[in-house]
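Contents: one structure, followed by commentary.
Chain letters run A, B, ... following the sequence lines, proteins first and then strands; every chain starts at 1.
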Amino acid sequence: MRSLPRGQMRWLMEAYIAQPRDLPSIDVDSQSDFIEEYLKAGAPEFRLAFISCCLGLNLLSVLMKGKTFSRLGAEGQQELLNKCFNSRNPLLRGMTVLPGLAFLMSYYRRPEVAALLGFDAAALKAEAELRKVSRDRTLPSRGDAS
Amino acid sequence: MIFKLADIKGDVVRSADVAIIGCGAGGGPIARELASEGHSVVVIEEGAHFTRDDFSLNPAEAYMNLYRDAGQVITFGLPFILMPLGKTVGGTTTINSGTALRILHPILKKWHLNHGLSDITEDELNLIYAYLEEYLFVKRADPEVAGKVATTFLAGAEKLGLSCGWLPRNAKECEGFGSCAFGCPSGSKQSVDVSFVPDAVSLGADIYSCCRADEIKVSGGKASGIKGHFLDPRTEKPTGHKLDIDTQVVVLSAGAVYSPYFLLKQGIANSSGQVGKNLQIHPASSAIAVMDERMDAPKGIPQSSYVDEFQGEGIMLEGGTVPPEIHALALPLLGRRSAEAMTSYPNMGIFGGMVCESDSWGRIVKLPRRGYRPAILYSLRGRDVEKAKIATSLMAEIWFAAGAKKVFTPISGHYELTGPKDLARLERSSLRAGDMFAMSAYHPLGTCRMGGDPEWSVVRHTCETWDLANFYICDGSVLPSSPGVNPQLTIMAIAMRCAGFIDERLSSWGRA
Ligand SMILES: Cc1cc2nc3c(=O)[nH]c(=O)nc-3n(C[C@H](O)[C@H](O)[C@H](O)COP(=O)(O)OP(=O)(O)OC[C@H]3O[C@@H](n4cnc5c(N)ncnc54)[C@H](O)[C@@H]3O)c2cc1C
């Protein structure tokens, strides 16, 4: 079962990641698939907290701005996210931060994004393949040490 | 042999001299030591077995394969603290940073005076440390491969006249692939899966991966074996096959979170009431700098340098670079501001600071949670909030001395520092625990502590439990306090020592 409908994932993802300049476009489908897999592999409470925080953000938006989060528009969404995030209330802050963990990870983990930022995992792996280290050491027995 | 899930076609019923639960910094050395003395050894490890060929520098994949709960282990308290734990052959050492330090002298003295542990002498420990350092190729990080973040930060620290240097690491010919926490892709890091495990196996030990121990068998007031079951470590779905081993000695080495949970679930070895209590975790903060020049993280050794100027006050700074997907989570920014900042990732450096002697004590408790999970209760208390603030502002000061244009911190109201004025404001501020955001901790310890008094401790100095003969606990949980530094080498040293006592016990039976 999906954690959230794709539509909801889309507007939350777009607000949290905010399409960085000169980097590949957000890919809602593949990133949502990753988030599902990541949440499934983790603690059940984490998934529950993720869903609750996303829904809570919507509720907060209605309470504070009189509109659901998706209807706030890009400016309004950014304003709300930052307001909550900058709050000294740890609950309010936590509620905004937690979904961000999954959304930001889903984007910046993509190899084409990471490579443009200078982290080319495939190249590093290929280099590591050429420099495999072997242990070959004659072991001192414990008796020699003590 | 290392048994993988595919090798298990039915129930496993067998006997051995020793069964060890958990294959990390505690379990691995004991397995090798006892196998080398000719004892039959079986190790049960809940996680799967991977080799360097499987490590593809993909953090998310590593979280799901090598970490418990995909790296989502969090403490309950203020603030929430992310506390990643390894779950794989090699335990947390497979995903640790490779810093290999000895216990601080004054702390060992406290163990003697406050915990009745004078049997653990400095001379004996030093011999074991020396042995381990040779066995694990421990040497100082090579500045040539450490990377720009570390050299820049150290330059800043030196400019301020602070005591600092290169960390000793258990890595052989490290070329700095920037990926210690996601499995070392070259096999350079001498984690337990690369060192003790292959040696134990070549000496005849058997390791059952993907197998969770459920129960310690007890007969006549003595431990006599273990029961467990095989499962898919990623989904936690049982395969239906069981494990039942009769042994003469059982060792619990499931780590400082899962060893006490195991005991609390079964209701054994807790006449002292200390099981699960006294949890210390080394809560850590971070500071991220934006520099004019490229830092090129994470290429280099993620954790290679330190500033120990305030070690006496329980504060230790140790560097830790991370790939973009983790960096984005560490930045105290969301939405557009995060996107803007992340485009400067190549020019950013991150450093970590931990409270390594703290006033806060947490607790592992058995709450009704889904699956096989305890609750970890922990809040920052006393002077620890202040120490976390000092660690953070010190890192910021060092970054500014190194030429940073801007420093991000995880402290509410002080997320972005642009210069000395902001730094002074942070230093003057009075903080509450809830003001810290994105704290993490990597060193859970103390939850089944050793000691000389059965009323105040769970195990003796030999690591045998006070309550149950032939039942030993040996991992981070038995350290009665933080060793003042990263703990893996001390856990291994205590494990080597414990193996000596088990060997004596088994050999005396052999002679009888
Ligand atoms: C990211 C990270 C970086 C770190 N860096 C450093 C560092 O640089 N230097 C340092 O000194 N320390 C470091 N540490 C900490 C260090 O690795 C740990 O303190 C150490 O490995 C703990 O050893 P342990 O034996 O207590 O537990 P672990 O090494 O965690 O081993 C316990 C094992 O028991 C298994 N287990 C649990 N329950 C069961 C069960 N019921 N049945 C079967 N198996 C079970 C677990 O799956 C696990 O594999 C780091 C930790 C992390 C998370």
Side-chain angles (χ1 to χ4, degrees), chain A residues 15-23 34 37-46 74 77-78 81-82 85-90 93-94 96-97 100-101 104-111 113-114 117-119 121-122 124-125 127-129 131-135 137 139-142 144-146, chain B residues 33 36 52 56-60 63-64 69-70 72-74 78-80 124 127-128 130-131 134-135 172-173 175 177-179 185-188 194-195 199 234 296 298-299 323-325 328-329 334-340 342-343 345-346 369-371 373 412-413 434-435 437-438 496 500:
Chain A
Y16 269 96
I17 301 166
Q19 187 52 57
R21 193 168 25 96
D22 302 332
L23 289 180
F34 164 75
E37 196 189 347
Y38 174 63
L39 294 177
K40 226 165 89 186
E45 292 95 339
F46 194 87
Q77 289 174 345
Q78 294 299 317
L81 277 184
N82 281 308
F85 184 67
N86 288 320
S87 154
R88 275 195 88 179
N89 177 336
R93 204 169 58 231
T96 349
V97 170
L101 297 181
L104 293 171
M105 194 175 195
S106 75
Y107 179 74
Y108 289 103
R109 71 177 289 272
R110 287 169 49 197
V113 176
L117 291 173
F119 177 59
L124 282 170
K125 174 74 180 163
E127 203 185 322
E129 290 288 328
R131 296 178 187 239
K132 283 187 177 167
V133 176
S134 70
R135 244 186 83 76
R137 156 158 291 184
L139 304 171
S141 82
R142 190 177 172 223
D144 296 343
S146 51
Chain B
E33 285 302 288
S36 77
R52 64 181 165 205
S56 53
L57 299 100
N58 179 336
Y63 283 147
M64 290 189 272
D69 288 339
Q72 299 161 10
V73 177
I74 294 179
L78 266 186
F80 293 123
E124 183 195 16
L127 281 170
I128 303 176
Y131 170 84
E134 190 187 343
Y135 178 65
K172 185 184 179 215
E173 298 157 24
E175 293 283 342
F177 292 109
S179 181
S186 69
S188 158
V194 167
S195 52
D199 286 348
R234 200 149 152 166
D296 287 325
K299 182 82 182 92
E325 69 190 81
L329 311 184
L334 287 178
R336 243 175 242 158
R337 303 195 60 224
S338 149
E340 273 159 27
M342 277 305 288
T343 54
Y345 171 80
R369 292 185 69 189
R370 264 192 37 209
R373 296 182 176 86
S412 171
D435 291 330
F437 136 88
M496 298 288 282

* Structure fact -> In terms of heavy-atom pairs under 4.5 Å with chain A, the winner among B:Ser36, B:Gly413, B:Ser195 is B:Ser195

* What part of B:Ser188 gets closer than 4.5 Å to chain A, counting heavy atoms only: side chain, backbone, both or neither? -> both

* To do: Under the ring pair (Phe, Tyr, Trp, His ring centres under 6.0 Å) rule, collect the residues that match up with B:Phe177, sequence neighbours excluded.
  => none

* More than 12 heavy atoms from other groups under 6.0 Å of CZ on B:Arg337 -> no

* To do: Measure the spacing between OH of B:Tyr345 and CG of A:Leu23 and express it to the nearest 0.5 Å.
  => 12.5 Å

* Note, A:Arg109 side chain near B:Pro59 side chain (heavy atom, < 4.5 Å) -> no

* Ring-ring centroid check A:Tyr38 B:Tyr63, cutoff 6.0 Å -> no

* Asked: Where do A:Phe46 and B:Ile74 come nearest, in terms of heavy atoms and distance?
  -> CE1-CD1, 3.9 Å

* Does the side chain of B:Ser179 reach to within under 4.5 Å of the side chain of A:Leu124, using non-hydrogen atoms? -> no

* Is it true that a side-chain atom of A:Arg93 and a backbone atom of B:Gly434 form a donor plus acceptor pair closer than 3.5 Å? -> yes

* Between A:Ala122 and chain B, which part of the residue has a heavy atom less than 4.5 Å away: side chain, backbone, both or neither? -> neither

* To do: Could you check B:Asp199 against A:Arg135 for side-chain contact (heavy atoms from CB on, under 4.5 Å), going step by step and ending with a plain yes or no?
  => CA-CA 10 Å; B:Asp199 286 348; A:Arg135 244 186 83 76; 3.8 Å; yes

* Proximal component of B:Asp435, with respect to chain A [non-hydrogen, under 4.5 Å] -> both

* Could you tell me which of A:Val113, A:Val97, A:Leu81 has the largest number of non-hydrogen atom pairs under 4.5 Å with chain B? => A:Val97

* Residue selection (most heavy-atom pairs with chain B, distance under 4.5 Å) from A:Arg110, A:Arg21, A:Gln78, A:Gln19 -> A:Gln78

* Toward chain A, the part of B:Glu175 with a non-hydrogen atom under 4.5 Å -> side chain

* Asked: Within the side chain of A:Lys132, is there an N or O that forms a donor-acceptor pair under 3.5 Å with the backbone of B:Gly187?
  -> no

* **Contact origin within A:Glu127 toward chain B - heavy atom pairs under 4.5 Å** => both

* Most contacts with chain B, counted as non-hydrogen pairs under 4.5 angstrom, among A:Ala15, A:Pro44, A:Gly118 -> A:Pro44

* Asked: Side chains of B:Met342 and A:Leu104: closer than 4.5 Å at any heavy-atom pair?
  -> no

* To do: Check whether B:Arg373 gets within reach of chain A through its side chain, its backbone, both or neither, counting any heavy atom under 4.5 Å.
  => side chain

* Structure fact -> Whatever's closer than 4.5 Å to a heavy atom in chain A on B:Pro79 counts as neither

* To do: Among A:Gly100, A:Pro90, A:Ala41, single out the residue with the greatest number of heavy-atom pairs under 4.5 Å to chain B.
  => A:Ala41

* Checking A:Ala43 against chain B: side chain, backbone, both or neither under 4.5 Å from a heavy atom? -> both

* **Atom of B:Ser56, atom of A:Ala121 and distance for their closest heavy-atom approach** => O-CB, 4.1 Å

* Identify the heavy atoms of B:Ser338 and A:Tyr108 that sit nearest to each other, and give their distance. => O-OH, 4.4 Å

* Structure fact -> Closest heavy-atom pair, A:Ala18 versus B:Ala339, reported as atoms and distance to 0.1 Å, is O-CB, 3.3 Å

* Part of A:Tyr107 lying under 4.5 Å from any heavy atom of chain B -> neither

* **Proximity breakdown for A:Ser87 and chain B, heavy-atom pairs closer than 4.5 Å** => backbone

* To do: Report yes or no: does B:Arg369 contribute a side-chain atom to a donor-acceptor pair with the main-chain N or O of A:Glu45 at less than 3.5 Å?
  => no

